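Just below is one structure, and these are the notes that go with it.
This is a predicted model, so every value here is computed, not measured.
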Amino acid sequence: MSPSSSSNALPQSAYNSRRHVGIHAERISDVSSTEYPGHYPNEDHSWNLDVFKRNLRVKVHRLSQRSIEFDLVGVDASIANAFRRILIAEVPTLAIEHVYVWNNTSVIHDEILAQRLGLVPLNVDPALMEYRTPTGINASPNDRNTIVFQLKAECSRAPRGSGKEYINDEVKSGDLVWVPQGEQEVVFADKPPAPTNKNIVLAKMRPGQEIDMELHATKNVGKEHAKWSPVATASYRLHPLIILNPEKPIPPHLAKKFASCFSPGVVKIGKNNKVSIDEQGMRNDSVSREVLRHEEFAGCVELKRIRDWFIFSVESEGPYEPERLLPEAVKIMREKIASIRVAAEALLAGGDAEDIPVARKIGGKDIEMVDS
C-alpha cells in the first residue's frame, strides 16, 4: 500500500515501513526496531551522534496553564519511558511532611487530616530549597529546608440574616497561612508560598469544632511518596498511522460507516463520498481497531503506529510550568548518566569494585560522587 496524498502534514519519512508497528485485529507485529548493526546487509546502523541530532525532534502541540502535549521523535522507547518515569518520580517538589496537631475537634482523625494536607500541591520552587538530610546542617529544620504553615479554623453559627448558616464550616487549602522563617520573607518576596489550588476542601466542621495545626513542608521526590510528584499524569502513546489502499478504495455508499470506525476528524469525506485521511487529525485517533471488525473493509486500510514518534501528555500539579517539566527531567537524566560514566571510567582504569565511586543520595537525589 502507498500513503494517501491528500495532505502533507506528516513527513514522508513517517511512511518508512522500518519505523512501523503493525496493528492487526488480534495482535500487533514488528514491535522491536530492526535498525541496528548487522541486520541489514551493507548498511551501517551503529549509533552516530550526528544522525541522532538530525532525527531528534521535539514539538509542542498544546500548552495551557496546567498541561502540555508535545511530540518526542527519534528516540527509543526506553528513553521515552525513562523521561516519563523521571517526570513522575524524580523531579523534586515540596510537600507537607510534618504535621503538629495542637487541637483538632473535627470529625476527621488527625492521621487522615495530615495525609490530606500532605497531598495539597504547593507553589514553592524547589530550586530555592534544600533537601533535609540525616546528618549535617540540614538534619534539623531551618529556613533553607523547611516551609512552615499554620492552619487555624473555628466553626461558629452565622448571624441571623447573613444568608448562611455557619461560618468556617469548610476548611480549605486556602486557609493555610505561611509563616516566614529566617530569610524566607526576602527569598519568596515575589511569590509567597501557598497551595496552587486554594479551593481544596480539607475538612467540614460544625459550631464548636476547631482545628489548630502547624505544618512543615520539605523537599523530596515522588518515588519517596506520591505527594512529592510534580505531575498528575505523565503518559505517552505512539503516533497512529492510517494508510488507505489505493487499489481497493472505500465504496462510496460505505464512506460514513468507514468514518465512524475512527475518532472524529480523522477521516474526511469529499465529493462523491470519496474517503481520505486527515494527516493532521490522525494523531487524535484512538486506534480502536473497529474498522478491522468489518469484513467489507478488509484490505482497504492498514493500521500502524510509528515506533519512534511519542505523543506525550503531561499535567502539572506543582510549582512547575508545564513547559519546564521536560527540561527538568533531562537535567536529572544527565546527572544519572554522569554517575554511570564515573563508575565506568573507574572500572576501565582497573579499580576494584570497592573503590568505584558511587552516588550518595539525599532525599532520593544524587548530589555528589563519593568513595564507598
Practice task
Consider only side-chain N and O atoms of Thr34 and Tyr40, and report whether a donor and an acceptor are under 3.5 Å apart.
Solution key: yes
Practice task
Would you mind checking if Lys257 and Glu296 are paired as a salt bridge, meaning a charged N to carboxylate O distance below 4.0 Å?
Solution key: yes
Practice task
May I ask you to say whether Asp30 pairs ionically with Arg305, meaning some side-chain N is under 4.0 Å from a carboxylate O?
Solution key: no
Practice task
Start with the C-alpha distance between Arg18 and Glu43, add both sets of side-chain angles, then the distance that settles salt bridge (Lys or Arg N to Asp or Glu O under 4.0 Å), and finish with yes or no.
Solution key: CA-CA 13 Å; Arg18 294 183 181 181; Glu43 292 187 22; 2.8 Å; yes
Completion exercise
Smallest heavy-atom separation, Tyr131 atom then Pro92 atom, equals OH-CB, 3.3 Å
Practice task
Measure from the side-chain N and O atoms of Asn48 to the backbone N and O of Val51, and report whether any donor-acceptor pair falls under 3.5 Å.
Solution key: yes
Practice task
Please report the shortest heavy-atom distance between Glu290 and Cys261, naming the atom on each side.
Solution key: CB-O, 3.7 Å
Practice task
Taking atom types as modelled, find out whether Gln184 and Asp143 have a side-chain donor-acceptor pair closer than 3.5 angstrom.
Solution key: no
Handout entry: Phe312 and Tyr236 aromatic ring geometry - parallel, tilted or perpendicular at 30°/60° bounds
Key = tilted
Practice task
Would you mind checking if Arg283 and Asp71 are paired as a salt bridge, meaning a charged N to carboxylate O distance below 4.0 Å?
Solution key: yes
Completion exercise
dist Asn16:CG -> Arg307:CZ (nearest 0.5 Å) comes out at 9.5 Å
Problem - Donor-acceptor contact below 3.5 Å, side chain Arg237 vs main chain Ile311 - result: no
Problem - Backbone of Ala226 reached by a side-chain donor or acceptor of Ser229 within 3.5 Å - result: no
Practice task
State, to 0.1 Å, how close Val266 and Gly281 come at their nearest heavy-atom pair, and which atoms those are.
Solution key: CG2-O, 3.5 Å
Completion exercise
In short, Phe188 meets Pro193 closest at the heavy-atom pair CB-CD, 3.7 Å
Practice task
For the pair Thr133 (side chain) and Gly136 (backbone), establish whether a donor and an acceptor sit closer than 3.5 Å, ignoring hydrogens and angles.
Solution key: no
Practice task
Find out if a path of hydrophobic residues (ILVMFWY) with successive side-chain heavy-atom gaps under 4.5 Å connects Val60 to Leu56.
Solution key: yes
Handout entry: Linked, directly or transitively: Leu119 and Leu117 (ILVMFWY side chains, under 4.5 Å)
Key = no
Problem - Working for side chain to side chain contact (heavy atoms under 4.5 Å, CB included), residues Leu113 and Ile211 - result: CA-CA 10 Å; Leu113 184 54; Ile211 293 175; 3.8 Å; yes
Exercise for the section: Please confirm whether the backbone N or O of Val179 pairs with a side-chain atom of Gln181, one donor and one acceptor, at under 3.5 Å? Expected result: yes
Handout entry: Sidechain-backbone polar pair: Asp285 side chain, Phe262 backbone, donor-acceptor under 3.5 Å
Key = no
Handout entry: Arg84-Asn81 side chain donor-acceptor pair, cut-off 3.5 Å
Key = yes
Practice task
Would you sort out whether Asn104 and Asp212 count as a side chain to side chain contact (heavy atoms under 4.5 Å, CB included), showing the intermediate values?
Solution key: CA-CA 6 Å; Asn104 176 24; Asp212 186 1; over 6 Å; no
Exercise for the section: For Asp169 and Lys204, indicate whether the former's side chain and the latter's backbone hold a donor-acceptor pair under 3.5 Å. Expected result: no
Exercise for the section: Would you confirm whether the ring centroid of Phe70 sits within less than 6.0 angstrom of the ring centroid of His61? Expected result: no
Completion exercise
In terms of heavy-atom contacts, Met282 and Leu241 come closest through SD-CA, 3.4 Å
Exercise for the section: Give a yes or no on whether the backbone of Pro207 and the side-chain of Ser156 come within a donor-acceptor separation of less than 3.5 Å. Expected result: no
Problem - Connected via hydrophobic side-chain network under 4.5 Å: Trp102 and Val107 - result: no
Problem - His109 and Glu111: side chain donor to acceptor below 3.5 Å - result: no
Handout entry: Tyr100 ring center near His216 ring center (under 6.0 Å)
Key = yes
Problem - Contact summary for Leu87 and Ala329, nearest pair of heavy atoms - result: CD2-CB, 4.0 Å
Practice task
Please step through side chain to side chain donor-acceptor pair (under 3.5 Å) for the pair Glu130 and Asn145, ending with a clear verdict.
Solution key: CA-CA 5 Å; Glu130 298 177 359; Asn145 60 35; 5.9 Å; no
Practice task
Without swapping roles, check the side chain of Gln209 against the backbone of Arg206 for a donor-acceptor pair under 3.5 Å.
Solution key: yes
Exercise for the section: Run the salt-bridge test on Lys227 and Glu97 with the 4.0 Å N-O cut-off and return the result as yes or no. Expected result: yes
Handout entry: Co-membership, hydrophobic cluster, residues Leu72 and Leu49, 4.5 Å side-chain
Key = yes
Exercise for the section: Measure from the side-chain N and O atoms of Lys336 to the backbone N and O of Lys331, and report whether any donor-acceptor pair falls under 3.5 Å. Expected result: no
Practice task
Compare all side-chain heavy atoms of Val73 with those of Asn55 and state whether any distance is below 4.5 angstrom.
Solution key: no
Handout entry: Glu90/Lys223 ion pair, N-O < 4.0 Å
Key = yes
Completion exercise
Rounded to the nearest 0.5 Å, the CD1 atom of Ile96 sits from the NE2 atom of His98 at a distance of 11.5 Å
Practice task
Tell me, with the steps shown, if Met129 and Thr146 meet side chain to side chain contact (heavy atoms under 4.5 Å, CB included).
Solution key: CA-CA 8 Å; Met129 300 296 290; Thr146 302; 5.5 Å; no
